[in-house]
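In what follows, a single structure is set out as C-alpha cells and then discussed.
We use all heavy atoms of the structure for the numbers below, so side chains are in, but hydrogens, waters and symmetry mates are not.
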Amino acid sequence: MNRIIEADVVVVGAGPAGVSAAIAAGRTGARTVLIERYGFIGGMSTAALVYPWMTYHTSDGKQVIGGIAQEIVERLQALGASPGHVRDTCGFVHTVTPYHPEVYKVLAVDMLKEAGVKLLLHSFVDEVRKSEDDRISSVILTSKSGRIEVAGKVFVDTTGDADIAYLSGAHCLKGRDQDEATQPMTMKFRMRNVDLEVVKQYMLEHPEEFYPKTPIAELPELPLTAVQGFYKHWKQAELPINRDQVLFFTGPESDEVLVNMTRVQGLDGTKMEDLTEAEEQGRKQVLMVADFMRKELPGFESAVISQVGAQIGIRETRRIEGVYTLEMDDVVAGRRFEDCIARSGYPIDVHSPKGGDVIVSWVEGDGAYDIPFRSLQSRNISNLLAAGRCISTSHEALGTTRLTPSCMATGHAAGTAAGLAVLQGTELRDLNVQGLQQALVEQGALL
Ligand SMILES: Cc1cc2nc3c(=O)[nH]c(=O)nc-3n(C[C@H](O)[C@H](O)[C@H](O)COP(=O)(O)OP(=O)(O)OC[C@H]3O[C@@H](n4cnc5c(N)ncnc54)[C@H](O)[C@@H]3O)c2cc1C
C-alpha cells in the first residue's frame with residue numbers, strides 16, 4: 001500500500017448525494033474525505049447528463065426539500081447558472097430546476113473546499129477492509145498514484161450502486177423482488193439549434209398530441225421547460241426502441257434541449273459486460289433518435305447533437321438492506337415517520353424493466369412522504385450509512401427516492417449524522433435522532 005489517509009468520515013461517490021453528504025459532514029467539523037472515480041463531481045447529473053433536477057415541490061407547489069439542496073440552487077442562481085425552480089411545462093410535476101452542469105461542477109468543488117472536505121478524484125474504490133465483522137475500518141482506492149488506503153470512523157456509501165456495502169459484505173437488495181430486473185438505462189444527449197418557439201406553437205395548436213397534464217392554457221406565458229408527447233410522430237417512426245413517447249427538456253442554452261428517450265433494457269449496471277453492451281446500444285440509439293427528431297419534429301429541422309453522456313444513465317442497481325426498507329405503500333400514503341430525515345413530493349415513477357411504459361403512482365396525504373433515518377442505516381454494518389440512489393427501499397419506492405433533489409436531501413442527512421456520530425463518539429444506532437433532525441432543520445432542511 002502506497003499511503004494511508006486518516007479521516008473521521010469517508011464518503012465514497014461524488015454524485016448529488018455524495019457532494020451533499022461530504023459538505024454536511026465537513027460542516028460538522030469532522031475530518032471528511034470524498035472519493036470519486038471520475039475527474040469531476042456530479043454523478044449522473046454530469047456524467048450522464050441528467051437534467052433538470054426534479055422536484056423540490058409537491059404536486060400542488062409546496063416546497064418540501066431545502067437545506068444544502070436548496071443552497072446549491074441559490075448559489076447557482078447567484079452565478080446566473082440556474083433560473084431556480086420553474087414550472088414544469090409538461091405538467092408531470094409542479095416545478096423543475098434547470099442548472100448549468102459545468103458551473104455546478106465548479107461550484108460544488110468550491111462548496112466542498114469551504115466545508116474543509118478533502119476531495120480525491122480519479123480514485124476508484126475496489127476494496128473494503130473491516131476491523132470486526134460489523135465495522136468497516138478502511139476503503140482501498142486504485143489511482144494513478146497506486147493503491148491508497150483511506151481509514152475512517154464512519155463511512156457513507158453514495159456510489160449509487162451500494163459498492164461499499166457490497167464490498168463489505170453488507171446485505172444488499174437489487175431490482176425487483178421476483179427477478180432482480182432493474183429499470184432501464186438511458187443514454188441522454190443534448191441538441192442545439194432547436195427552434196423552441198416553433199415547438200411551443202405546435203403544442204398550442206395540437207394539445208391532444210401531448211401529455212394530458214400539459215398546462216396548455218398557461219403555456220403562452222410560461223418559458224418552455226419540458227415537452228412530453230408527440231405521440232403520433234413517435235408511433236409512426238417505429239424505431240426499435242421500447243419507449244412510448246418523445247420527452248425532452250429545454251436548456252441550458254436558449255436553443256438547446258436535453259433528450260431522454262433512449263432505452264436499454266435487460267442489462268445489469270453492476271456487471272462489466274452488460275455495461276459495455278449498454279454503452280454500445282445507447283450510443284446507437286442516440287443517433288437514431290436524433291435523426292428522427294431532425295426529420296420529423298417541428299422546430300428540429302436544423303438541430304445538431306451538442307453533447308452525449310460520458311456514460312449511460314443508470315437508474316437502478318443495488319441498494320443497501322437497511323434497518324427499515326421504505327415501501328411503495330409508505331410513499332403513496334404519504335406516511336410520516338418519527339425518524340424522518342428528508343421528505344419528497346416526487347411520485348413513484350418506474351420505467352418498466354421490460355415494457356415500453358412508465359408506471360406512475362402519486363403521493364396522497366399532503367403530497368409528500370417521509371424518508372426515515374433507518375433507511376440510511378445498514379442492517380448489519382454498524383458504521384455504514386447510505387444516501388442517494390442506494391438507500392434501503394423497495395424497487396417501487398426507489399422510483400421516487402432516486403430523483404436528484406431527494407438524493408441531495410438524504411446525502412445532507414447522512415453526512416450530518418456521520419459527523420455528529422464521530423464528534424459525539426456515538427454509534428450510529430445510538431445517535432439521538434431528534435438532535436439530528438434539529439441540526440438538519442437549523443440548516444434549512446424541510447422535515
Ligand atoms: C436516465 C436517467 C434519467 C433521470 N432523470 C432525472 C431527472 O430528470 N431529474 C432528476 O432529478 N433525476 C433524474 N434521474 C435520477 C438521478 O439522476 C440519479 O438517481 C441520481 O443522480 C443519483 O444520485 P446518487 O448521488 O445517489 O448517485 P450517482 O448520481 O450515480 O453518483 C454516484 C457517484 O459515485 C461514483 N462512484 C460509483 N462507484 C464508485 C466507486 N466504486 N469508487 C469511486 N466512485 C464511485 C460515480 O462515479 C458517481 O459520481 C435520472 C437518472 C437516470 C439514470
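Remark: the backbone N or O of Val257 is not paired with any side-chain donor or acceptor of Thr250 at under 3.5 angstrom. Not one N or O on the side chain of Thr426 forms a donor-acceptor pair closer than 3.5 Å with the backbone of Asp430. Without hydrogens or angle criteria, Ser392 side chain to Ser375 main chain gives no donor-acceptor distance under 3.5 Å. Between the Gln183 side chain and the Val350 main chain, no donor and acceptor come within less than 3.5 Å of each other. Remark: the backbone N or O of Ser123 is not paired with any side-chain donor or acceptor of Ser143 at under 3.5 angstrom. Distance alone, capped at 3.5 Å, places no donor-acceptor pair between the Arg190 side chain and the Leu258 backbone. For the pair Asp274 (side chain) and Lys271 (backbone), a donor-acceptor distance under 3.5 Å is absent. At least one donor-acceptor pair under 3.5 Å links the side chain of Asp339 to the backbone N or O of Arg374. The backbone N or O of Ile216 lies less than 3.5 Å from no partner atom in the side chain of Thr214, so there is not a single donor-acceptor pair. For the pair Glu327 (side chain) and Asp329 (backbone), a donor-acceptor distance under 3.5 Å is absent.
Under 4.0 Å is where a charged nitrogen must lie from a carboxylate oxygen, and between Arg176 and Glu396 no such pair does. Under a 4.0 Å N-O distance rule, the pair Arg129/Glu127 qualifies as a salt bridge. Of the charged side-chain nitrogens involved, at least one lies within less than 4.0 Å of a carboxylate oxygen, so that Asp366 and Arg343 count as a salt-bridged pair. The existence of a salt bridge linking Arg27 and Glu114 is excluded, since no basic side-chain nitrogen approaches an acidic carboxylate oxygen closer than 4.0 Å. A salt bridge links Arg87 to Glu218: at least one charged side-chain nitrogen sits closer than 4.0 Å to a carboxylate oxygen.
Atoms CD1 and CD1, from Ile341 and Ile391 in turn, are 7.0 Å apart once rounded to the nearest 0.5 Å. Atom-to-atom distance recorded for His85:NE2 and His94:NE2 is 11.0 Å, nearest 0.5 angstrom. Atom SG of Cys172 is separated from atom CZ of Arg319 by 10.0 Å, given to the nearest 0.5 angstrom. Interatomic distance, Leu431 CG to Glu427 CD, rounded to the nearest 0.5 Å: 10.5 Å. Atom CG of Leu34 is separated from atom CD1 of Ile41 by 9.0 Å, given to the nearest 0.5 angstrom. Taking NZ of Lys153 as the reference point, atom CZ of Arg135 lies at 10.5 Å (rounded to 0.5 Å).
Remark: Phe230 pairs with Tyr202, Phe210, His233 by the ring pair (Phe, Tyr, Trp, His ring centres under 6.0 Å) rule, at least two apart or across chains. For Thr400, the side-chain hydrogen bond (donor to acceptor under 3.5 Å, both in side chains) test picks out Tyr369, with sequence neighbours left out.
Stacking of Arg318 on the aromatic ring of Tyr166 is recorded, both the 6.0 Å distance cut-off and the 45° axial limit being met. For Arg402 and Tyr346, the positive end is not near the middle of the six-membered ring at less than 6.0 Å and at most 45° from its axis.
Contact of the Val11 side chain with the Val9 side chain is registered, since non-hydrogen atoms from C-beta on lie closer than 4.5 Å. Taking 4.5 Å as the limit, some side-chain heavy atom of Val50 sits within range of a side-chain heavy atom of Lys188. For the pair Cys90/Lys213, no side-chain contact is recorded, criterion being any heavy-atom separation below 4.5 Å from C-beta on. Taking the side chain as every heavy atom from C-beta outward, Ile140 and Ile148 never approach each other to under 4.5 Å. Using a 4.5 Å heavy-atom cutoff, the side chains of Val360 and Val358 are in contact. The shortest distance between side-chain heavy atoms of Val323 and Arg429 does not fall below 4.5 Å. Put simply, the side chain of Ile348 does not reach to within 4.5 Å of the side chain of Val363, judged on heavy atoms. Contact check for Leu403 versus Thr55: no side-chain heavy atoms found under the 4.5 Å cut-off.
Heavy atoms from other residues, nucleotides or ligands lying under 6.0 Å from CG of Asp110 number more than 12. A 6.0 Å sphere centred on NZ of Lys118 holds no more than 12 heavy atoms belonging to other residues, nucleotides or ligands. Atom NZ of Lys113 sits in a sparse spot, with 12 or fewer heavy atoms from other residues, nucleotides or ligands closer than 6.0 Å. Atom CD of Gln178 sits in a crowded spot, with more than 12 heavy atoms from other residues, nucleotides or ligands closer than 6.0 Å.
Here Phe373 and Phe337 keep their ring centres 6.0 angstrom or further from each other. Aromatic rings of Phe249 and Tyr51 (six-membered ring for Trp) have centroids beyond the 6.0 Å cut-off, not under it.
Closest approach of Ile312 and Gly282 over heavy atoms only: CD1-CA, 4.2 Å. The heavy-atom pair separating Val33 from Leu120 by the smallest distance is CG1-CD1, 3.8 Å.
Each of Asn260, Thr186, Asp357, Thr262 was checked for a side chain to side chain contact (heavy atoms under 4.5 Å, CB included) with Arg243, and the lone residue meeting it is Asn260. Each of Asp268, Asp161, Thr317 was compared with Lys174 under the side-chain hydrogen bond (donor to acceptor under 3.5 Å, both in side chains) criterion, and only Asp268 meets it.
In this structure, a donor-acceptor pair under 3.5 Å is absent between the side chains of Gln377 and Tyr324. For the residue pair His412 / Gln70, no side-chain donor-acceptor distance below 3.5 Å is found, with atom types taken as modelled. No side-chain N or O of His122 forms a donor-acceptor pair with one of Arg37 less than 3.5 Å apart. A donor and an acceptor atom, one from each side chain of Thr95 and His57, are located under 3.5 Å apart.
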Given the rule in the side chain to side chain contact (heavy atoms under 4.5 Å, CB included) test, do Ile23 and Leu112 qualify, once you have shown the distances and angles that lead to the verdict? CA-CA 5 Å; Ile23 292 172; Leu112 288 163; 3.6 Å; yes
Starting from the C-alpha separation in whole Å, work towards a yes-or-no answer on side-chain hydrogen bond (donor to acceptor under 3.5 Å, both in side chains) for Glu149 and Ser138. CA-CA 6 Å; Glu149 181 170 5; Ser138 62; 2.7 Å; yes
Could you give me the CA-CA distance, side-chain angles and deciding distance for Lys354 and Asp179, then say whether salt bridge (charged side-chain N to carboxylate O under 4.0 Å, His left out) is met? CA-CA 11 Å; Lys354 303 212 165 135; Asp179 57 5; 3.4 Å; yes
Can you list the steps and then say if Asn383 with Ile381 is a side chain to side chain contact (heavy atoms under 4.5 Å, CB included)? CA-CA 6 Å; Asn383 62 341; Ile381 300 289; 3.7 Å; yes
Under the side chain to side chain contact (heavy atoms under 4.5 Å, CB included) criterion, do Val86 and Val96 qualify, and how do the steps go? CA-CA 6 Å; Val86 288; Val96 294; 4.2 Å; yes
Applying side chain to side chain contact (heavy atoms under 4.5 Å, CB included), run through Thr401 and Thr410 and close with a yes or a no. CA-CA 9 Å; Thr401 56; Thr410 54; over 6 Å; no
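Ring geometry for Trp362 versus Phe92: interplanar angle of 30 to 60°, hence tilted. Relative orientation of the Tyr104 and Trp53 rings is perpendicular, given thresholds of 30° and 60° on the angle between their planes.
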